Amino acid sequence: MIEFKDKFIADGLDVLQDIEEALLNTDEAIGEPETVQVVFRGLHTLKGAAGMYGFKNIEHLMHLIESVYDALRANELTLRKGIIDLTLEVVDHVTVVLRSDENDYPRLELRTKKLENEISALLDIKDDVKQIERAAHQSGKTHSYFVTFIEDSDFTVRGIQVKSILKSLEDIGTVISRSILNKDNSLYWEIIAVSDAPNQDFEDNFMFIDDICCIKVIAVDNILRADAISNYIKTCTIKGVPIDFDQLQTHYSDHINTSRATREHENLEAKLKNVYLKVASEKIDEQMNLLSELVTAKAELKLISDREKYKKISKVVETIDKITGRFRKNILNIRLIPVKSLYVTLLRLVRDISAQLGKDIQFTAEGMETELDKGIIDSLETPLTHLIRNSIDHGIESADEREKKGKPRKGTICMKAYYSASHVFIEIIDDGSGIDKQKVYRKAVEKKIITPETQLSEKEIFELIFMPGFSTAQNLSEVSGRGVGMDIVKKNIDLLRGEITVQSTEGVGTSIIIKLPLTLSIIDTMLVQSGERFFSVPLNVISHCAQLNHNELNETVNEQIEINRQILPYIHLRQIFKIEGEYPEKEKVVVIQNSNTQVGLIVDKVIGEHQAVIKPLGDFFADKQYFSGVSILADGHLSVILDTNKLIQDKVYQNHKHITYDNTK
């Protein structure tokens with residue numbers, strides 16, 4: 001039972017996220033019937049499952065909020081911001097309940113009662129349109145009629161009573177009637193009737209006024225089932241304007257097309273449900289661990305085969321190598337999930353903070369189908385949250401300020417995700433005020449991060465905002481301004497073996513670009529050696545390799561070498577890691593790059609490509625900032641995986657500032 005309960009909680013959280021996404025996406029287009037249907041279905045599903053697994057408090061709360069959306073479906077209420085806000089509060093509360101321990105339930109019950117009272121108050125003020133609701137749920141009605149006539153003074157003389165006509169119509173079908181007072185005090189009547197009686201039987205009800213009434217057949221169907229038609233009738237009633245027959249037919253045609261598309265979509269969803277299977281992430285992680293062991297075992301077998309020159313075994317090794325490669329590709333693909341999983345959280349963040357700061361901001365997204373390793377997705381939420389909070393608080397101006405600058409009053413923040421080679425790029429773009437480079441420079445001087453004489457490029461100035469404690473905010477707010485956000489962003493992206501760059505034009509906006517590897521578990525590297533130590537360099541950062549005599553390195557100035565007619569700074573692994581032993585006569589240069597910056601790594605040997613299974617750093621390597629992990633080689637040796645981004649950044653910083661960095665780290 002516990003296992004099924006855990007499954008309910010996991011599925012329930014998914015349903016809540018779907019509801020939240022539907023509501024947030026309709027915030028700019030209040031009243032979308034599709035949104036009401038999606039939310040209603042989600043609430044109904046959650047209500048039933050909650051009751052089955054003993055969550056009675058959730059079941060009752062879901063029943064109440066479901067009643068609101070049932071009223072919305074029946075056009076007894078209109079979807080508006082207040083209802084969306086209340087529903088989001090319910091979603092947040094139920095999420096907390098599902099994730100909480102049973103000991104917390106009494107404390108959470110107070111919040112449950114408060115929400116129940118708010119929902120009950122909302123239901124008490126709904127419009128009374130029960131007649132339309134009943135009509136929309138009638139079945140077996142095959143004809144829909146639209147009848148109009150004017151009740152003038154002759155009606156009394158002729159002894160005709162409209163109530164009698166309406167009563168006879170109700171005996172053979174469903175009727176919605178309304179009257180409008182004309183300027184001459186006559187009543188203009190409109191009747192929409194749905195009946196399965198023969199046409200002649202229906203028309204006989206108007207035999208005494210057939211000379212002044214107009215009877216039209218709208219459709220051979222119950223048109224009142226169409227939400228658009230019910231909404232149209234309600235709108236005409238509220239405004240006191242006549243119903244247009246052509247509009248009724250148009251709304252009905254749209255309803256037929258929408259229903260067909262909905263059925264096709266539901267059929268497609270049914271097919272997809274048969275294809276996809278939910279698997280706990282822990283099980284996939286276990287498969288990844290087994291794959292890691294398999295890759296290591298394969299490497300050991302290949303080493304034995306190569307040493308002993310077993311031809312028969314070598315063929316088996318080749319087969320295992322191919323199978324392992326396919327296995328690895330499949331497992332990594334299973335671990336990939338779309339960036340869209342972050343979208344709802346960030347959309348909610350923009351909605352809440354922009355309301356808190358009194359700013360009108362639209363959040364858009366592109367490329368949300370782009371996929372990343374689940375581990376990376378989980379680690380991205382914090383840095384993306386900081387970036388978007390900064391865009392809202394520091395980037396986007398107030399509506400009045402934007403209007404003065406000739407910009408739209410509504411600001412825009414866009415998140416883009418896309419593939420490029422073996423990386424995924426995520427951009428956070430805003431159309432705000434941009435970054436004032438001079439202001440950043442002055443603040444850096446004020447904080448003594450740089451001296452007034454320091455010459456920096458635009459790229460280097462933007463990189464200053466990632467320094468710990470750096471902030472140009474004039475005022476401290478609950479949203480940002482303490483200078484503890486952007487350094488966290490940089491640190492988290494570095495831990496993901498990623499890069500972050502800033503592009504900004506003052507007065508136009510800012511774009512922050514994050515470059516990430518597809519996965520963190522297994523990477524293709526170039527295995528190199530210096531002395532008795534082995535290093536793995538990620539293959540995707542290597543530009544090319546070259547060779548130099550050791551004497552040429554001794555003659556270089558400012559630790560720069562010429563490779564392919566290009567002057568590059570270099571890093572000697574023997575020197576920065578204090579590796580003892582004799583230098584080889586010829587040394588290898590592995591040129592690595594970060595964005596447009598290239599640096600040469602000087603090593604003793606380039607051994608070849610190596611599929612590195614990344615293991616976390618132990619306590620011995622805990623303070624080594626240039627290592628991102630270790631890998632076990634086939635012969636049992638450890639290979640340190642280099643953090644090339646950190647190496648390049650520190651080398652460039654050293655060259656510009658002319659300072660010495662700590663070689664022991």
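As the structure is a computational prediction, the values presented were derived from the model and not from experiment.
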Visitor: Between Leu294 and Phe327, is there a side-chain heavy-atom distance shorter than 4.5 Å?
Guide: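 Answer yes - side chains close enough.
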Visitor: Are Val502 and Glu463 close enough that some pair of their side-chain heavy atoms sits under 4.5 Å apart?
Guide: no
Visitor: Show the numbers, then the answer: is there a side-chain contact (heavy atoms from CB on, under 4.5 Å) between Ser391 and Thr510?
Guide: CA-CA 8 Å; Ser391 292; Thr510 301; over 6 Å; no
Visitor: I'd like to check Ser379 versus Asn492 (side-chain heavy atoms, cut-off strictly below 4.5 Å). Are they in contact?
Guide: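 SC-SC contact between Ser379 and Asn492 ruled out.
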Visitor: Do Asp70 and Phe40 make a side-chain contact, defined as non-hydrogen atoms from C-beta onward lying under 4.5 Å apart?
Guide: yes
Visitor: What closest approach, in Å, do Leu98 and Ile58 show between heavy atoms, and which atom pair accounts for it?
Guide: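 Taking Leu98 first and Ile58 second, the nearest heavy atoms are CD2-CD1, 3.7 Å.
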Visitor: Quickly, which of Lys410, Lys407, Lys359 forms a salt bridge (Lys or Arg N to Asp or Glu O under 4.0 Å) with Glu397? Name it, please.
Guide: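 Testing each of Lys410, Lys407, Lys359 against Glu397, the sole residue satisfying salt bridge (Lys or Arg N to Asp or Glu O under 4.0 Å) is Lys407.
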Visitor: Could you pull out the closest heavy-atom pair between Leu372 and Pro517, with the gap in Å?
Guide: CD2-O, 3.5 Å
Visitor: Do Arg409 side-chain atoms and Glu403 backbone N/O form a donor-acceptor pair below 3.5 Å?
Guide: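 No, because the side chain of Arg409 does not come within donor-acceptor range (under 3.5 Å) of the backbone of Glu403.
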Visitor: Taking the side chain as every heavy atom from C-beta outward, state whether Leu115 and Leu86 have any pair of such atoms under 4.5 Å apart.
Guide: yes
Visitor: So how far is it from Ile428 CD1 to His386 NE2, rounded to the nearest 0.5 Å?
Guide: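 Nearest 0.5 Å value for the CD1-NE2 distance: 13.5 Å.
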Visitor: Could you check whether atom CD of Glu59 has more than 12 heavy atoms from other residues, nucleotides or ligands sitting under 6.0 Å from it?
Guide: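 It does: Glu59 CD has more than 12 such atoms within range.
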Visitor: Quick one: do Arg111 and Glu89 satisfy salt bridge (Lys or Arg N to Asp or Glu O under 4.0 Å)? Show the steps, please.
Guide: CA-CA 10 Å; Arg111 178 63 175 158; Glu89 286 186 48; 2.7 Å; yes
Visitor: Are any of the side-chain heavy atoms of Glu116 and Leu61 separated by less than 4.5 Å?
Guide: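 In short, these two side chains touch, coming nearer than 4.5 Å.
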Visitor: Should the pair Asp487-Lys490 be classified as a salt bridge under the 4.0 Å nitrogen-to-oxygen rule?
Guide: no
Visitor: Run the side-chain contact (heavy atoms from CB on, under 4.5 Å) check on Leu516 and Ile514 step by step: do they pass?
Guide: CA-CA 6 Å; Leu516 297 162; Ile514 299 173; 3.7 Å; yes
Visitor: Say you draw a straight line from OG1 of Thr95 to CG of Leu16; how long is it, rounded to the nearest 0.5 Å?
Guide: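 CG of Leu16 is found 4.5 Å from OG1 of Thr95.
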Visitor: Find out whether the Lys NZ or Arg CZ of Arg351 is both under 6.0 angstrom from the six-membered ring centre of Phe363 and within 45° of the ring's axis.
Guide: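 Judged by the rule, Arg351 and Phe363 form no cation-pi pair.
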Visitor: So which heavy atom on Leu380 is nearest to which on Ile426, and how close?
Guide: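 Leu380 and Ile426 have their closest heavy atoms at CD1-CD1, 3.6 Å.
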Visitor: How close do Val350 and Ile392 get, counting heavy atoms only, and between which atoms?
Guide: CA-CD1, 3.8 Å
Visitor: Rounded to the nearest 0.5 Å, what separates atom CG in Leu23 from atom CD1 in Ile84?
Guide: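 One finds 6.0 Å between CG of Leu23 and CD1 of Ile84.
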Visitor: Any salt bridge linking Lys340 with Glu21? Criterion: basic side-chain nitrogen under 4.0 Å from a carboxylate oxygen.
Guide: yes
Visitor: Hey, could you give me the CD1/CG distance between Ile83 and Leu88, rounded to the nearest 0.5 Å?
Guide: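 Between Ile83 CD1 and Leu88 CG, I get 12.0 Å after rounding to 0.5 Å.
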Visitor: Hey, are Lys405 and Glu401 close enough for a salt bridge, meaning a charged N less than 4.0 Å from a carboxylate O?
Guide: yes
Visitor: Does the Asn645 side chain pair with the main chain of Gly498, one donor and one acceptor, at a distance under 3.5 Å?
Guide: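 Confirmed, Asn645 side chain pairs with Gly498 backbone.
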Visitor: With sequence neighbours left out, what residues match Phe55 under ring-ring contact (aromatic ring centres under 6.0 Å, His included)?
Guide: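 If we apply the ring-ring contact (aromatic ring centres under 6.0 Å, His included) test to Phe55, skipping adjacent residues, the hits are Phe8.
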Visitor: If we only count heavy atoms from C-beta on, is the Met62 to Val94 side-chain gap below 4.5 Å?
Guide: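 The answer is yes, as the side chains (C-beta and beyond) meet within the 4.5 Å cut-off.
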Visitor: Are Glu427 and Met415 close enough, and set up right, to give a side-chain contact (heavy atoms from CB on, under 4.5 Å), and what steps lead you there?
Guide: CA-CA 6 Å; Glu427 294 186 35; Met415 180 171 78; over 6 Å; no
Visitor: List the atom pairs, with distances to 0.1 Å, where a side-chain N or O of residues 44-52 and a protein N or O form a donor-acceptor pair under 3.5 Å, not counting sequence neighbours.
Guide:
{"from": "His44", "atom 1": "ND1", "to": "Glu66", "atom 2": "OE2", "distance (Å)": "2.5"}
{"from": "Thr45", "atom 1": "OG1", "to": "Arg41", "atom 2": "O", "distance (Å)": "2.8"}
{"from": "Lys47", "atom 1": "NZ", "to": "Glu66", "atom 2": "OE1", "distance (Å)": "2.8"}

Visitor: Please check if any side-chain donor atom of Gln37 sits under 3.5 Å from a side-chain acceptor atom of Tyr69, or the reverse.
Guide: no
Visitor: Kindly determine whether Asp360 and Ser354 satisfy side-chain contact (heavy atoms from CB on, under 4.5 Å), including the steps that lead there.
Guide: CA-CA 6 Å; Asp360 190 3; Ser354 58; over 6 Å; no
Visitor: Between Asp430 (side chain) and Gly395 (backbone), is there a donor-acceptor pair under 3.5 Å?
Guide: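 Here the side-chain-to-backbone pair does not exist.
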Visitor: Which atom names give the shortest non-hydrogen contact between Pro338 and Ile377, and what distance separates them?
Guide: O-CD1, 4.2 Å
Visitor: From Leu346 CG over to Ile388 CD1, what is the distance, rounded to the nearest 0.5 angstrom?
Guide: 4.0 Å
Visitor: Identify the heavy atoms of Arg402 and Gly432 that sit nearest to each other, and give their distance.
Guide: NH1-CA, 4.3 Å
Visitor: Counting only N and O atoms by type, is there a donor-acceptor contact under 3.5 Å from the side chain of Ser67 to the main-chain atoms of His63?
Guide: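 Yes.
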Visitor: Holding to ring-ring contact (aromatic ring centres under 6.0 Å, His included), I want the full list of residues that pass it with Phe462, two or more places apart in sequence or in another chain.
Guide: none
Visitor: Using 0.5 Å steps for rounding, measure from the CG atom of Leu24 to the CG atom of Asp352.
Guide: 8.0 Å
Visitor: Using side-chain heavy atoms (C-beta onward) and a distance below 4.5 Å, is Pro383 in contact with Ile488?
Guide: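 No, side chains not in contact.
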Visitor: Salt bridge or not between Arg348 and Glu20? Use side-chain N to carboxylate O under 4.0 Å.
Guide: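 Counted as a salt bridge, because a side-chain N and a carboxylate O are separated by less than 4.0 Å.
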